[in-house]
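Okay, structure first, notes after.
What you are looking at is a predicted structure, and each value in this text was computed from that prediction instead of being measured. No hydrogens, no waters, no symmetry mates; every other heavy atom, side chains included, goes into these values.
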Amino acid sequence: MLPYDPTRSVRDKKQPLSHLPTISRASAQDVEVVRNAQELAILNQVPQNRKPFTLLNVRDVTRKGKVSRKSGDGRPWAEMWNEVQKLCKGFESELAEEEDESEDLKRKKYLPCYPTTVVYGHAAKRGLDIKRWTKGIDTGCVYGRRLTALVFGDPKHKDIDDAGDSEELEELRFGDSGKARLVSVKCRAP
């Protein structure tokens, strides 16, 4: 999933994170309602995200804004996602005026949005790819390596693997204030 249409500036008025989503005035007071509307806007207003191919296969985005399923064909989508999410500072943020499109993200002006975390798989070549706002947990079980899960809830509950081959990798931040644990188990060879 792409955070914005890479053929336009992230601050373009057609980008879903450049403005508040359109919702009723009463709903606008509820941050969770606005966040849900923002996430739906990313899915519905970014043209590439309306294509199942993008959602199932995106690895990189080329310089021309095309989605590629090959790693190394451009910029990793998770890198794009994290860069944009760092600019989200809440719905009261001021949207900066565009001055120089080529310096768009380098200016670090904030966007009127809240950051969103994406958990993804189907990228075994990259392996465990944990960033602040993206959690890539494909560690190649299908190839006989490991199966990794992001576990939410009570950290005291550790009854994950009776065979004794589980490994707790780390605790990490999830979302604004949540925490989760990465747990990995060895897979059988295919």
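Hydrophobic clustering (ILVMFWY, side-chain heavy atoms < 4.5 Å, transitive): I130 and F152 are in one cluster. Following chains of ILVMFWY side-chain contacts shorter than 4.5 Å, one cannot reach V33 starting from L40, and the two form parts of different hydrophobic clusters. Linking Ile, Leu, Val, Met, Phe, Trp and Tyr residues whenever their side-chain heavy atoms come within less than 4.5 Å leaves L56 and V119 in two separate clusters.
With values rounded to the nearest 0.5 angstrom, K186 atom NZ is found 12.5 Å from L147 atom CG. In this structure, CD1 on I137 lies 10.5 Å from OG on S184, to the nearest 0.5 angstrom. Between N36 atom CG and T116 atom OG1 the span is 9.0 Å, to the nearest 0.5 Å.
Looking at T117, V183, L182 one by one, the single match for side chain to side chain contact (heavy atoms under 4.5 Å, CB included) with L150 turns out to be L182. When K135, Q85, E39, M1 are each tested for a side chain to side chain contact (heavy atoms under 4.5 Å, CB included) with V118, only one passes: M1. A side chain to side chain contact (heavy atoms under 4.5 Å, CB included) with T54 is found for exactly one of V67, V61, V46, namely V67.
Checking side-chain atoms of K14 against main-chain N and O of R11 turns up no donor-acceptor pair under 3.5 Å. Within the 3.5 Å criterion, the main-chain N or O of P115 finds a donor-acceptor partner in the side chain of R35. In terms of modelled atom types and a separation under 3.5 Å, the side chain of Q15 and the main chain of D5 share a donor-acceptor contact. In this structure a side-chain-to-backbone donor-acceptor pair under 3.5 Å is present from Q38 to Y114. Without hydrogens or angle criteria, T7 side chain to G65 main chain gives no donor-acceptor distance under 3.5 Å. Under a 3.5 Å cut-off, the side chain of D138 and the backbone N or O of A123 do form a donor-acceptor pair. A donor-acceptor pair under 3.5 Å links the side-chain atoms of T139 to the main chain of R146, judged by distance alone.
Contact of the V10 side chain with the S18 side chain is not registered, since no non-hydrogen atoms from C-beta on lie closer than 4.5 Å. You'll find the side chain of Q48 reaches within 4.5 Å of the side chain of P6, heavy atoms only.
The neighbour count for R173 CZ, taken as heavy atoms of other residues, nucleotides or ligands under 6.0 Å away, does not exceed 12. In R50, the CZ atom is crowded: over 12 heavy atoms of neighbouring residues, nucleotides or ligands sit closer than 6.0 Å.
Scanning all heavy atoms of the two residues, the minimum distance from L17 to L111 falls at O-CB, 3.6 Å. Across all their heavy atoms, N49 and I42 have their closest contact at ND2-O, 3.0 Å. Listed here is the closest heavy atom pair of F174 and A180: CB-CB, 4.4 Å. Contact between E171 and K179 at its shortest, heavy atoms only, is OE2-CD, 3.1 Å. The minimum heavy-atom distance linking D12 with R8 is given by the pair OD2-NH1, 3.9 Å. Shown here for Y4 and V84, the closest heavy-atom pair between the two residues is CE2-CG2, 3.2 Å.
Pairs passing the salt bridge (charged side-chain N to carboxylate O under 4.0 Å, His left out) check and including a residue from residues 120-131, sequence neighbours excluded, read D60-R126, D129-K131.
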### Query
Should D73 and T62 be marked as a side chain to side chain donor-acceptor pair (under 3.5 Å) after you check the CA-CA gap, both sets of side-chain angles, and the distance that decides it?
CA-CA 6 Å; D73 271 1; T62 68; over 6 Å; no

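W81 is linked by a ring pair (Phe, Tyr, Trp, His ring centres under 6.0 Å) to nothing, counting only residues two or more places apart in sequence or in another chain.
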